[in-house]
2 protein chains.
Amino acid sequence: MDAKMSEISEDCFDCFFKATCNKSISEEDFDFLFQSTIQQKFKKGEIIFKQGMRTSYLMYLLKGKVKFNFEDENGKNLILSINKAPTLLGLANILNEEINIFSIIAIEDCRGCLIDLNNLKMLAINNKLFMMNVLKMSTDLFRSSILNFISLAHKQVNGRIADILLYLSKNVYEDKLFTLTLSRQELAEFAGCSKENVIHTLRNFDTDGIIKVSGKNIEIINFERLQKVSKSG
Amino acid sequence: MDAKMSEISEDCFDCFFKATCNKSISEEDFDFLFQSTIQQKFKKGEIIFKQGMRTSYLMYLLKGKVKFNFEDENGKNLILSINKAPTLLGLANILNEEINIFSIIAIEDCRGCLIDLNNLKMLAINNKLFMMNVLKMSTDLFRSSILNFISLAHKQVNGRIADILLYLSKNVYEDKLFTLTLSRQELAEFAGCSKENVIHTLRNFDTDGIIKVSGKNIEIINFERLQKVSKSG
DNA sequence: TTTAAAAAGTGAAAAACTCCATCTTTTTGA
DNA sequence: TCAAAAAGATGGAGTTTTTCACTTTTTAAA
């Protein structure tokens, strides 16, 4: 136990999840939750939640980035969202204990805490404020995915790629210059288009001086024009 | 009061919302909720929840059908979902009292009960089971819209229209033969394509003997082939 | 370090889709 | 019940996007 504690104490010390919890539950309740958590590592490409399976835990992602991936009947993939730590994953399963409708997959090395869903539910049922907080996180996720979806559903590829670049820069890499942890194929699965189309579009944006592409490195040079492309769709 | 009661009593007698509520709250609590409800009619085309506005109520839709409509910066519309009574509308606003991200608009004459959100919240906070029930409805909606998104986000128009026809037949009109309460333009806004494309596709499906189109009347003749078109995308 | 495999990139043909102009039919309201 | 407006339908030109066949570059593993 000591070994476990010392290994993860530095993370736990400023864990955002703990901070959020402690706003609404007591130290003792958090310890109860904490007892059952296991810290776990995932390599790039590893599946954290698997589409079609049931899971009995949430994961609080401490480090790394993940994709929400849906695979259809023909084996084609669609990326629903890209998210970075810190974030709570698996919320869609809190209330309806149905099977996962999509996978969550590490797109770079990740580390997180698995939180037992039954324990969390037990706390939530007995603590209104805590339940409100957890569910607010859940509905926030819903809102952001709707906006994501809307953007993709009725723009042309130029606008969709522009949206994705803006999204990645603002919400995932948090810089105008970033090194992609996604392949061109994955960008295509995010934009709902072909790989070639992604490559052509990125090159066009580069030629137009909107971005600077060099392999996996992308720099957004002209935000305004990129936003204009996003708007005009 | 008597007038009000008598006017709506027949609906209330077998109201599904009341039935759902009474599983988890007492008669008195339901009456408290009921006191503040107002039955309201909406004509086809009228806006029930308006994008960009705050609302302080939910609506339990007793009769009619609605569309979830998102309007973008350029005035283009996207239909996120079509839903029929009975259903509870406005759940996305329970926790986060932010502005509505989309409108909900009647696509045929509707009738429903407006339920005061504050009263409902007050009950929910004091009754865990009731809260669970209401929030389960909310997350169910989330699940079904994700599936909707996925279907639309990476299929070609043939597959998208096939999906829409199957969805309308199964979940909205509940018959293989139905009279559309949507225009071709609205179908296009649901499928994320042009009006002309909808018309062509419907005609092709008709020519191929998959469906029978006659104005607003549509009959699905060959479910298997329609499902095949949906799968092949 | 070499080699095999995966990813990135290219260009052109084919397919899918939109946009436009125009016409017909249906709906709506004075 | 008639006229105006809205919705539906049509076909073709032009654009967007996919698909394919292929080359080059990068990555990972023996």
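Sequence lines set the chain letters: A, B, ... in the order given, protein chains first and strands last, and positions in each chain run from 1.
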Peer 1: Applying a 4.0 Å non-hydrogen cut-off, can you work out what A/Ser194 is touching in the nucleic acid: base, sugar-phosphate, or nothing?
Peer 2: base
Peer 1: Give the rounded distance in Å between these two atoms: NZ of A/Lys76 and C1' of D/dT18.
Peer 2: 10 Å
Peer 1: Go through A/Leu80 and A/Leu78 one step at a time and tell me if the side chain to side chain contact (heavy atoms under 4.5 Å, CB included) criterion holds.
Peer 2: CA-CA 6 Å; A/Leu80 301 169; A/Leu78 180 74; 4.0 Å; yes
Peer 1: Please report the interatomic distance CD(B/Gln39) to CE(B/Met59), rounded to the nearest 0.5 Å.
Peer 2: 10.0 Å
Peer 1: Hydrogens and angles aside, do B/Asn69 and B/Ser103 bring a side-chain donor and acceptor to less than 3.5 Å of each other?
Peer 2: no
Peer 1: Taking atom NZ of A/Lys63 as the centre, report whether more than 12 heavy atoms of other residues, nucleotides or ligands fall under 6.0 Å from it.
Peer 2: yes
Peer 1: Is there a side-chain polar atom (N or O) of B/Arg184 under 4.0 Å from OP1 or OP2 of D/dA9?
Peer 2: yes
Peer 1: Under 3.5 Å, is there any donor-acceptor pair linking the side chain of B/Glu196 to the base of C/dC20?
Peer 2: yes
Peer 1: Roughly, in whole Å, what's the span from CD1 in A/Ile199 to C1' in D/dT16?
Peer 2: 17 Å
Peer 1: Nearest whole angstrom, please: distance from the C1' of C/dT27 to the CD of B/Gln185.
Peer 2: 17 Å
Peer 1: Write down the distance between CD1 (A/Ile161) and C1' (D/dT16), rounded to a whole number of angstrom.
Peer 2: 13 Å
Peer 1: In this structure, how many angstroms lie between the C1' atom of D/dT17 and the CZ atom of A/Arg203, rounded?
Peer 2: 15 Å
Peer 1: Rounding to a whole Å, what distance do you find between B/His200:NE2 and D/dG11:P?
Peer 2: 7 Å
Peer 1: Select from A/Gln156 and A/Gly215 the residue whose nearest nucleotide in DNA chain C is closer to the 5' end of that strand.
Peer 2: A/Gly215
Peer 1: Are A/Lys216 and C/dA8 close enough that a side-chain N or O sits under 4.0 Å from OP1 or OP2?
Peer 2: yes
Peer 1: Rounding to a whole Å, what distance do you find between B/Asn158:CG and D/dT17:P?
Peer 2: 18 Å
Peer 1: Would you mind reading off the distance between A/Lys195 atom NZ and D/dT23 atom C1', rounded to a whole angstrom?
Peer 2: 12 Å
